[in-house]
Amino acid sequence: MELLMSHSLEIVEVAPRDGFQSIGAPIPTQEKIEIIEGLIDAGVPRVEIGSFVSPRAVPQMADMADIAAHFREEHRSRLSVLVPNVKGVDLALTSGLREVVYVFSISEAHNQNNVRCSVEQSIAGLADVISTISNDPDVSLRVDLATAFDCPFDGPVPFDDLQVAIGKVLDLAPNCEIALCDTTGWAPPFNVKKRFDAVMQMSEPQPQAWAFHGHDTYGMGVANAFAAYQSGVRVFDTSAAGLGGCPFAPGAAGNTATEDLVHAFRSPGPTTGIDLMKLLEIVDRISPIPEAVVASHLANVRRDRLRKVQNL
C-alpha cells in the first residue's frame, strides 16, 4: 500500500469527447462549453474537449471548431483534441490547440470499423502527423491504442500485436504519451497490470509517459485503474457521470466515471487536485441531457453523506 500513498496522478477528462459522441441528440454548443468550463473550474488538469472528425461519422462533433475557438486562451487546464489524420491535426492547430491525440486500433477489424483503414495505414498516418507537427515544438502528441486488450469483433487481442504496434510508435515518436485503451471494458485487472508491466519495459531506459483509458462495461473500471497504477501509470482517462462508449464498438459501455476514480484515490492516497463536490455539480448538469446514460456510482450518493465520508 506504500505505493498508493506516494505519488500524484493526472486525470484526463474525456466526457466532452468520448462521452458526448455517445449521445445522438445534438447537445447545444453553449451547453458543451459551459460543461467544459465547469470541469476546468473543478480543477480537472487535462480535458479532451472533442475531436476533429468527419461530422458525417460523428455528428456530435460538428461544432468542434466553435468550441476550440472559445477555449483558445484557456490556460488553467491542458486541453487536447482527438484526431484521426493529418486533416484533423491541421484543423486543431488552426483552432489554436497545441495538444493532439492520434488514435488507431490494435485490432484490424476495429480499426477498419473505426477509422476505415488498416493498422499499417494508420501507422503510416501517424508518421504523416509527426511530420506535420515536427516544426512546432509547442505541439505535443499522444497516441491512443484502442482495443489494446479486446476487440468487439474478434475477441481478445494477442499481446504480440500490441507489442509490434507499440514498437512502431516508439520508433516514430519516442517522446509521445502512449495510452492503452480498454475499449470494450472487458479486461480484468490482472491482465491490465500484466500488459502494462510488459510494455513499459519496451521504452527503458528512456522514460516514457503511459496512460490508461478504461471503460466500466463489466464494473472493472476503478479496479483496472488501480491495477495500472500499480504498474506505474499516472495518467488516467475518465468521464464525468460515466458517459461514453465507442459508437464503433458494439456493447462497449461508458467510461470509468471521473468522480468514482477521484473518490477511490482519495486521501491518504495520491492526489488528483480535483474538487469532488464541484465535479459532482457538473455531473448533475450532465445527467438530464437527453440520451445521456449516467453510469456513475457517486452520482447516486446523497451529497450530505458524501461530504461526511470525504471530510469536506
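- You'll find the side chain of Met220 stays beyond 4.5 Å of the side chain of Pro188, heavy atoms only.
- Checked against Val86 for a side chain to side chain contact (heavy atoms under 4.5 Å, CB included), the options Leu126, Val129, Leu91 give a single hit: Val129.
- If you take CD1 on Ile11 and OG1 on Thr238, they are separated by 4.5 Å, rounding to the nearest 0.5 Å.
- Side-chain atoms of Leu306 and His263, non-hydrogen and from C-beta on, do get closer than 4.5 Å to each other.
- The shortest heavy-atom contact between Ile40 and Val47 is CG1-CG2, 4.2 Å.
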Worked verdict on Leu298 versus Leu276 for side chain to side chain contact (heavy atoms under 4.5 Å, CB included):
CA-CA 10 Å; Leu298 257 64; Leu276 181 59; 3.9 Å; yes
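- Heavy-atom minimum distance, Thr147 versus Ile106: OG1-N, 3.3 Å.
- The existence of a salt bridge linking Arg46 and Glu10 is confirmed by a sub-4.0 Å separation between a basic side-chain nitrogen and an acidic carboxylate oxygen.
- Between atom CZ of residue Arg234 and atom CG of residue Leu9 there is a gap of 7.5 Å, rounded to the nearest 0.5 Å.
- When side chains are defined from C-beta on, Asp18 does not count as touching Asp237, because their heavy atoms never get closer than 4.5 Å.
- Atom CZ of Arg116 sits about 8.0 Å away from atom CG of Asn114, to the nearest 0.5 Å.
- Side-chain atoms of Ser51 never come within 3.5 Å of backbone atoms of Val53 as a donor-acceptor pair (strictly under, hydrogens ignored).
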Stepwise ring-ring contact (aromatic ring centres under 6.0 Å, His included) test for Tyr229 and Phe212:
CA-CA 9 Å; Tyr229 188 95; Phe212 177 62; over 10 Å; no
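- Between the side chain of Ser77 and the backbone N or O of Leu79 there is no donor-acceptor pair closer than 3.5 Å.
- Side chain of Thr217 to main chain of Thr184: a donor-acceptor pair is present (N/O by atom type, distance under 3.5 Å, no hydrogens or angles).
- For Ser231 and Asp197, the side-chain atoms include at least one donor-acceptor pair closer than 3.5 Å.
- Considering CG of Asn85 and CG of Asp90, their distance stands at 9.0 Å, rounded to 0.5 Å.
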Audit row: Arg195, Asp182, salt bridge (charged side-chain N to carboxylate O under 4.0 Å, His left out) steps and yes/no
CA-CA 11 Å; Arg195 292 213 166 184; Asp182 183 18; over 6 Å; no
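- Inspection of the His110 and Asp154 side chains reveals no N or O donor paired with an N or O acceptor under 3.5 Å.
- Of all heavy-atom pairs spanning Asp284 and Pro288, the tightest one is O-CD, 3.1 Å.
- The shortest distance between side-chain heavy atoms of Cys117 and Ser122 falls below 4.5 Å.
- Under the 4.5 Å side-chain criterion, counting only non-hydrogen atoms from C-beta, Val81 is not in contact with Met61.
- Looking only at atom types and distance, the side chain of His213 has a donor-acceptor partner in the side chain of Asn255 under 3.5 Å away.
- With no hydrogens or angles considered, a side-chain donor-acceptor pair links Ser8 and Thr271 at under 3.5 Å.
- Ion pairing of Arg78 with Glu99 is present here, as a side-chain N (NZ or NE/NH1/NH2) and a carboxylate O approach within less than 4.0 Å.
- Between Ile27 and Gln60, the shortest heavy-atom distance links the atoms N-OE1, 2.9 Å.
- A pairwise comparison of heavy atoms in Ala240 and Ile286 identifies CB-CD1, 3.9 Å as the closest pair.
- For the residue pair Glu34/Gln30, the side-chain donor-acceptor check at 3.5 Å is satisfied.
- A salt bridge does not link Glu74 to Arg72: none of the charged nitrogens lies less than 4.0 Å from a carboxylate oxygen.
- The CG atom of Asp150 lies 13.0 Å from the SG atom of Cys181; values are rounded to the nearest 0.5 Å.
- Side-chain atoms of Trp210 and Val199, non-hydrogen and from C-beta on, do get closer than 4.5 Å to each other.
- With Asn224 contributing its side chain and Gly214 its backbone, the two residues share no donor-acceptor pair below 3.5 Å.
- The residues Glu120 and Lys168 are annotated as salt-bridged, a charged nitrogen and a carboxylate oxygen being separated by less than 4.0 angstrom.
- The minimum heavy-atom distance linking Leu243 with Ala292 is given by the pair CD2-CB, 3.9 Å.
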For Val101 and Val83, run side chain to side chain contact (heavy atoms under 4.5 Å, CB included): C-alpha distance rounded to whole Å, both residues' side-chain angles, the deciding distance at 0.1 Å, then the answer.
CA-CA 6 Å; Val101 181; Val83 298; over 6 Å; no
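- Lys32 and Asp63 are joined by a salt bridge, as a carboxylate oxygen and a charged side-chain nitrogen come within less than 4.0 angstrom of each other.
- No donor-acceptor contact under 3.5 angstrom links the side chains of His297 and Glu259, judged on distance only.
- Under a 3.5 Å cut-off, the side chain of Asp144 and the backbone N or O of Val103 do not form any donor-acceptor pair.
- A salt bridge between Asp128 and Lys87 is absent, with no side-chain N of the basic residue lying under 4.0 Å from a carboxylate O of the acidic one.
- Between Phe149 and Val192, some side-chain heavy-atom pair lies under the 4.5 Å cut-off.
- Taking Ile, Leu, Val, Met, Phe, Trp and Tyr as members and joining any whose side-chain heavy atoms lie under 4.5 Å apart, directly or through other members, Val115 forms no hydrophobic cluster with any other residue.
- Using a 4.5 Å heavy-atom cutoff, the side chains of Met277 and Arg303 are in contact.
- Taking CZ from Phe226 and CD from Gln230, the interatomic distance works out to 8.5 Å, rounded to the nearest 0.5 Å.
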